[in-house]
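Per chain, numbering begins at 1; letters A, B, ... match sequence-line order.
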Protein chains: 2
Amino acid sequence: MTELSRRRLLTTAGATGAGGLALGTTGGALAHAATTRDRGPGLSTVGSTSVPFHGTHQPGITTPIQAHGHLAAFDLVPGAGRRQAAGLLRRWSTLAADLMAGGTAETDTGVARDAGPASLTVTFGFGRGFFDATDLAHARPAALDPLPQFSSDHLDPERSDGDLWVQIGADDGLVAFQALRVLQRAAIESGAARVRWQMSGFSRSPGATARPMTTRNLMGQVDGTNNPQPSDPDFDRRIFVPAGGEPGWMAHGSYAVVRRIRMLLDDWEAQSRAEQERVIGRRKSDGAPLTGEEETSPVDLDAVDEAGDPVIPANAHIRVTSPDTNGGAAMLRRSFSFHDGFRADGAPDAGLLFVCWQADPLNGFVPVQRKLDRGDALSAYIRHEASALFAVPGGAAEGEYVGQALLEG
Amino acid sequence: MTELSRRRLLTTAGATGAGGLALGTTGGALAHAATTRDRGPGLSTVGSTSVPFHGTHQPGITTPIQAHGHLAAFDLVPGAGRRQAAGLLRRWSTLAADLMAGGTAETDTGVARDAGPASLTVTFGFGRGFFDATDLAHARPAALDPLPQFSSDHLDPERSDGDLWVQIGADDGLVAFQALRVLQRAAIESGAARVRWQMSGFSRSPGATARPMTTRNLMGQVDGTNNPQPSDPDFDRRIFVPAGGEPGWMAHGSYAVVRRIRMLLDDWEAQSRAEQERVIGRRKSDGAPLTGEEETSPVDLDAVDEAGDPVIPANAHIRVTSPDTNGGAAMLRRSFSFHDGFRADGAPDAGLLFVCWQADPLNGFVPVQRKLDRGDALSAYIRHEASALFAVPGGAAEGEYVGQALLEG
């Protein structure tokens, strides 16, 4: 199945280990030779870091966002049923575990050879259509009911939904491409599924920024500041389905909402910095709320200026999305930026491959998006162009595959 | 024009300096805190490395290939002439110098704020059409005559040619995007030019591989092994137009051939490893020629096996492209991989954004491609889908702009 390659040996020697799983925890600083411009010293922690595939949760949820991402939805081919789907998930899980450990798949043509695993993660999910095609409608979670239609939606059905979902992230573009190609080939060879849509994105490269905790989106805004942290006491409850929850096969799983959000950058960039800051409610320079001194300052929604007007406007994005104004609704946002060239009008076809995670979309994405839909100043500058919702089961134990409790339940 | 940002201060403190300009030289290894998965230590050499804009040659030719690349061609708008074009080149040069130094342009919306320059390079070139539109036909180099039509070409005119060319590379995706957007906005605001086509690509991330000197393409082949090296005695003569050459404004410049080469990965991956190695003439595992022990072993085109057949087949890619069989024709290849999703038949729309550099295309790309067109085993697995040829002037001195000797000559 795999070869114990030079690559893997290097990986084992250089890996920083499972610290990669915990978002926001403090890993030990490791002195090593820098990758200078001659690329002489070779593999650094950028390449050698591996994330475990097996565990309580699937990888790619609390894993720090990587520099390259691929989102792909697959549809089951007509006639493929539960048995074929189970075979594909078993195969996908084996391949994902091997690739994430720095191994090479037998169908690999060598694209990622010489490279370390580069924090590769592969995450699998099930869409609403999967359950009918596999006679598993009785096991379909209520949480997969279609999302409400929002008035600002401009959704392309061909780039929305899908029976199966694969999320790939890695800090190297060739490693990420190879993983996608290997998994796509496995789908073709299984005869069970084919690509419905696929989108590629990117985020900061490790080491490229002096502000490592949060990134910026293509509007230039600091993004992700108020994300729930794994150290929060209610993090697990908000993000993951509990053991003993419904349905049982979703224990330790999560629900992912995926939205292709195009940014109307011509319109956005025509606004003054002050206007952009009023739209968001945060300072452009450092992400601090307009009522605070630094990015992590608490947002004071009650603050008023000398004229008695709220400092953070009534329709500012951070007010509308604040958990305080949404009955505590929270989701873990983990999005890649995308840029697919330019449109005929000269504007970039670019924006956010928004991905958010929650234990229940009805207590996460849906109430927040409803409020955004009614009165978010940001909505004039974005277009939701594709949408999907997936049930992402808990992680597979060694020797098991993702979704086994569903497919063999 | 720019602000002396925190970003620039960090850049200055952490920069490894101009060593980045020399391909293949040995930089000093620098002990620093690793970028662990919590991203705690922040800016590393990945982010802090800057490449000078001003110099004898433009950047982005001998600069090591970066993790992210954008190629964009612009056409002059009807009515725009030499004066407007000069204004745009002056503006572009100022912006490029600022961005490459880690500064922020006034039109910047903050996408790259907090990040170092991340080895950003911006390179400008002129296409054949530029000279008619600007009444500079008398200054057009003969080397810009249209490339011959090759029998295997499947060229899309809408993604070929162009009056102006911008090549952007950076080791961070947001830095690369911002540079493209800032330059595109400058073109729009100048009223002189608009995007004709734009392609995005990627290569290895620094530190992702234990084999830093060469990368692999999406066929999994080690690529770039036999590239001319700046330390070669005839490097400058082969790659750059000499001072005193014709036309005078191209002194220290070079010619770039750009080809979008789609790889037929379904067909390629269906071949055995042995067959793939016969097609290329090199071992898949380490890039060694079939006649040698390691990647850098000389290629022995005369070697025969026990049956008397050549070890490197008559139509093997490395035989057909060997300088020994092309009268010494040589070019510096510096290509990004691309992946633009999947085609309707399920195959990846992926391959190579081939860019090669030479002092004279008639003594570089053209003779080699002619030979490839007649009998290259690799040609069954690739499609040339777009093509362009640009005259890339020498680098601008401080206070000057790229192309000034042409536009004010």
Of all heavy-atom pairs between [X] and [Y], which one has the smallest distance, and what is that distance?
X      : Y      : result
B/V111 : A/L218 : CG2-O, 3.3 Å
A/P348 : B/Q184 : CG-OE1, 4.3 Å
B/R216 : A/G110 : CD-O, 2.9 Å
A/S44  : B/P206 : OG-O, 4.5 Å
A/S203 : B/D172 : O-OD1, 4.4 Å
A/S200 : B/H339 : OG-ND1, 4.2 Å

- Mind checking whether B/F202 and A/F177 have parallel, tilted or perpendicular rings, split at 30° and 60°? tilted
- If you tally heavy-atom pairs under 4.5 Å against chain B, which of A/M199, A/Q198, A/Q221 wins? A/Q198
- Do you know which of A/L180, A/I188, A/T215 has the most heavy-atom pairs with chain B at a distance under 4.5 angstrom? A/L180
- Item | Side-chain heavy atoms of B/L174 within contact of A/S337, under 4.5 Å | yes
- Query: Using non-hydrogen atoms only, which part of A/A170 is less than 4.5 Å away from chain B: side chain, backbone, both, or neither?
  - Reply: neither
- Query: With a 4.5 angstrom heavy-atom cut-off, which part of A/L265 approaches chain B: side chain, backbone, both or neither?
  - Reply: both
- Is the number of heavy atoms from other residues, nucleotides or ligands within 6.0 Å of CZ (B/R159) greater than 12? yes
- Salt bridge or not for A/R181 and B/D266, using N-O below 4.0 Å? yes
